[in-house]
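Treat the numbers as computed from the prediction; the structure is a model and nothing was measured.
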Amino acid sequence: MLCNRSATVGIKRILRYVSQVRWNHNSALLETHIRNIGILAHIDGGKTTTTERMLFYSGKTNILGEVHHGNTVTDFLVQERERGITICSAAVSFDWRDYRINLLDTPGHIDFTMEVEQSLAAVDGTVVILDGSAGVEAQTVTVWSQADRHKLPRIVFINKMDKDNADLDNCLQDLQKKLGIVPVLLQLPVFEHGKLSGVIDILSGTQVVWDKPSNGRKYTRVPLSETQTLDVRKNLFEVIDVLSGKDDDLAQAIIDAESMENIKTELVLQAIRRCTLKQQVVPVLVGSAYKNIGIQLLMDAVLKYLPAPNERNDIYNCFGTDFVGKVFKVTHDKQRGALSLIRVFRGTLKKGSKIVTAKGTAETVQRMYSPWADEYREISSIAAGNIGLCAGLKSTVTGDLVVSNVSVLRNALKKLSINNASSDESDDEILVNKLSLQTVVPDAVYFCSIEPPSSAYQVALDHALKEIQREDPSLRVSYDETTMQTVLGGMGKLHLDIIKSRIFSEYKIDVDLGPLQIAYKEALEEPCCGTWTAEKEIAGHRQLVRMELTIHGDKYSERFRLDNSSEAQENLKMIRPKQIAFVKKGALAALERGPKLGGQLMDVAITLHHLTIGKGTADTFIMAASAQCVRHVLATAKCRLMEPIMLLEIAMPSEHLSAIQTDLNRRRCTILDVTSRGHFHKVLRANAPLAELEDYSSEVRCISSGTASVAMEPNGYVLLNEMDEASAVRRAHGLE
Ligand code: GDP
Ligand code: MG
């Protein structure tokens with residue numbers, strides 16, 4: 001008995017080894033047999049529940065996690081489990097049939113748009129989940145537009161068909177009306193005594209039922225009844241009819257066969273695949289993740305209809321077989337430190353190899369893992385098309401493009417610009433536009449102070465913020481010398497709240513956040529100059545710094561420079577370069593806080609005319625004194641406030657356009673354009689001041705009875721007029 005068991009274990013081990021060898025070395029098989037997919041939905045649509053089932057049925061887990069039990073694999077951060085929502089896009093890999101599926105579960109909230117964008121740039125297709133009782137909800141429209149931007153083929157899974165009020169027809173209409181797409185229904189729900197018992201697979205003409213005791217792991221196909229057969233034939237003909245209008249090969253096959261009746265299933269399947277890849281149609285499946293119905297067929301559909309990595313991403317051809325990848329997320333692991341999730345597009349990334357980011361920093365990959373939500377399996381390489389985690393990268397951040405060396409990148413950019421000779425894009429623009437690289441992290445639009453429970457926690461808090469910032473570059477951390485507080489800048493209220501609860505659960509520091517404020521910037525109206533002396537005695541030594549400087553508007557050149565007139569040079573060349581460096585550091589720090597509301601000064605530069613530094617003055621004093629001098633000169637400067645602007649993209653049924661426009665006009669918005677999406681929909685783009693957008697998402701839902709969706713992203717800063725400025729100042733001081 002014992003002997004038998006160990007033999008079985010041995011065989012299992014060998015099989016596992018053989019499968020690893022294949023995954024690691026047979027790269028030809030790899031690319032065609034990989035699916036990188038994102039999973040998108042309105043909050044509570046069932047993303048996490050569906051992912052749990054996929055992991056369970058593929059054999060990756062032995063127990064079924066439930067969101068309300070707080071034991072799911074992908075919602076592994078404590079506050080995700082507490083709140084039951086997905087914040088970080090966790091990646092998981094699993095094998096299904098002969099394929100590897102890498103799946104990214106993405107956060108649904110607008111405050112985490114940067115993460116969703118990065119994840120979408122790393123996948124080749126998506127599964128969009130609908131709640132069968134709710135249809136297409138606002139967030140679904142938003143994520144759909146995001147997937148549109150990345151030209152991602154999609155499958156829709158209509159989940160929660162077990163609910164009493166689930167309505168398949170309504171969902172199909174919603175898909176057509178709200179998203180303007182052509183849904184191709186491939187399954188029908190089957191109900192027994194009013195309860196969902198299985199689905200009918202229209203293409204194969206069979207009914208599939210799931211076994212309850214095995215939690216749906218086992219399922220069988222049973223023949224259809226006579227009435228079901230008629231129903232299925234009708235649906236199949238509808239599918240073929242829609243496809244033949246779009247796919248020439250299928251149309252030709254029908255002509256050759258002289259009827260739809262004799263068309264082979266395989267031909268229909270191929271047509272669905274071609275049309276899905278071209279984003280002409282969207283296959284629709286049904287089921288219930290919670291009741292364990294339909295998930296295996298959904299995974300089959302991912303293999304059948306969504307693209308392999310080598311069927312997309314032609315843009316990376318300019319790298320040939322050289323390694324190129326993209327960091328789409330950085331996460332922290334208690335034992336392993338920072339882990340960078342990398343999607344490899346070309347070549348192979350090997351353990352121990354050197355990589356360079358597009359910004360030029362070089363790093364070494366120390367270890368690599370296959371992603372498994374909060375657990376990882378060590379691997380030795382990541383081949384083209386695959387996703388993996390790398391440990392040991394110290395400065396690489398979310399959104400970085402990584403290559404094996406600088407010349408690889410240079411050659412690739414050269415090829416890209418030659419292919420694109422008509423445009424005169426710079427290298428940076430090519431990186432951003434063609435390789436969808438977001439090289440600039442969006443400016444924080446909200447800020448608030450953060451305080452540890454006592455000063456004894458300050459060092460631990462600084463460390464925690466540093467680690468969190470690497471994972472999430474959209475979090476800004478600064479220090480306000482006037483209030484002597486650490487200040488967080490973020491993309492919204494939820495964003496900052498989540499940071500607070502992460503600091504509590506992961507670092508055990510119970511911080512206080514101050515009131516949320518809009519991050520205004522300040523602009524200088526006219527140049528100002530002045531002289532200031534800072535003098536102090538520290539431990540018996542006289543410290544002295546005297547500066548004469550001008551602060552003026554300039555957005556193009558160095559923000560700190562030395563007056564190069566011969567008179568000024570005579571004085572400045574006497575000062576040690578190291579001391580000048582400290583003067584510069586202090587001066588630039590002072591520009592972070594304008595005189596009006598403490599907002600960062602935009603597009604200004606400082607010219608230093610004259611500098612005196614007393615003998616024996618400490619470097620730290622020089623830095624502080626320099627900041628003091630600049631602040632003193634700034635105090636007399638005429639500044640204006642600039643407010644953050646958001647680019648809104650609102651998708652809505654046409655009948656709500658005028659009500660939404662009227663409301664936008666009240667909010668000081670500038671409407672940029674209105675375009676049509678399908679026959680019934682309009683998409684409006686507008687620039688809107690952030691200050692006017694409090695609760696805008698829910699307001700829009702109210703105006704449009706829940707049919708419109710809003711996507712927003714920061715879109716720069718504009719000057720406020722005097723009246724609005726006065727009111728912003730009053731509001732910031734709590735007077736309004
Ligand atoms: P997410 O926010 O998209 O990740 O959604 P979750 O997976 O967290 O699911 C939200 C809620 O819906 C949870 O309480 C789930 O148990 C429940 N749920 C998910 N799938 C189904 C389903 O098929 N049927 C029903 N009745 N409830 C479901
Ligand atoms: Mg979730």
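Just one residue in the list Leu349, Val344, Leu393, Ile342 forms a side chain to side chain contact (heavy atoms under 4.5 Å, CB included) with Val402, and that residue is Ile342. Remark: of the listed residues Val127, Leu120, Ile129, Thr140, Leu120 is the sole one forming a side chain to side chain contact (heavy atoms under 4.5 Å, CB included) with Leu40. A side chain to side chain contact (heavy atoms under 4.5 Å, CB included) with Pro189 holds for exactly one of Leu168, Ile293, Ile200, Asp162; it is Leu168. When the options Asn313, Asn386, Asp124 are evaluated for a side-chain hydrogen bond (donor to acceptor under 3.5 Å, both in side chains) with Asn36, the one that passes is Asp124.
Looking at Pro183 and Val282, their side chains never come closer than 4.5 Å, going by heavy atoms from C-beta outward. Counting heavy atoms from C-beta outward, Leu188 and Val286 have side chains that stay 4.5 Å or more apart. No side-chain heavy atom of Ile387 sits under 4.5 Å from any side-chain heavy atom of Ile382. The shortest distance between side-chain heavy atoms of His33 and Arg97 does not fall below 4.5 Å. A 4.5 Å side-chain heavy-atom check between Leu339 and Tyr369 finds at least one atom pair inside the cut-off. For the pair Leu243 and Val268, the minimum side-chain heavy-atom distance is below 4.5 Å.
No donor-acceptor pair closer than 3.5 Å links the side chain of Gln270 to the backbone N or O of Leu250. Although no hydrogens or angles enter the test, the distance criterion places no donor-acceptor pair under 3.5 Å between the side chain of Arg343 and the main chain of Lys326. The backbone N or O of Ala289 sits less than 3.5 Å from a side-chain atom of Asn159, completing a donor-acceptor pair. In terms of modelled atom types and a separation under 3.5 Å, the side chain of Glu238 and the main chain of Asn235 share no donor-acceptor contact. For Lys351 (side chain) and Ser381 (main-chain N/O), no donor-acceptor pair under 3.5 Å exists by modelled atom type. Judged by distance alone, the side chain of Gln187 and the main-chain N or O of Ile202 form no donor-acceptor pair under 3.5 Å. A donor-acceptor pair under 3.5 Å is absent between the side-chain atoms of Arg274 and the main chain of Asp247, judged by distance alone.
Of the N and O atoms on the side chains of Asp148 and Ser145, not one donor lies less than 3.5 Å from an acceptor on the other residue. Side chains of Arg346 and Asn317: a donor-acceptor N/O pair is present below 3.5 angstrom, by distance only. There is no side-chain donor-acceptor pair under 3.5 Å between Thr206 and Asp201. Side-chain N/O atoms of Asp300 and Trp96 include a donor and acceptor closer than 3.5 Å. Side-chain polar atoms of Arg53 and Asn292 form a donor-acceptor pair below 3.5 angstrom.
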For this session: Applying side chain to side chain contact (heavy atoms under 4.5 Å, CB included), run through Asn310 and Thr32 and close with a yes or a no.
Result: CA-CA 7 Å; Asn310 57 342; Thr32 52; 3.6 Å; yes
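For Glu31 and Arg100, the salt-bridge test fails: no basic side-chain N is under 4.0 Å from an acidic carboxylate O. Of the charged side-chain nitrogens involved, none lies within less than 4.0 Å of a carboxylate oxygen, so that Asp472 and Lys329 do not count as a salt-bridged pair.
Pairs of residues two or more places apart, or lying in two chains, never qualify as ring-ring contact (aromatic ring centres under 6.0 Å, His included) while including a residue from residues 34-60.
Remark: Asp131 engages Ser133, Ala134, Glu137, Lys160, Lys163 in a side-chain contact (heavy atoms from CB on, under 4.5 Å) (not counting sequence neighbours).
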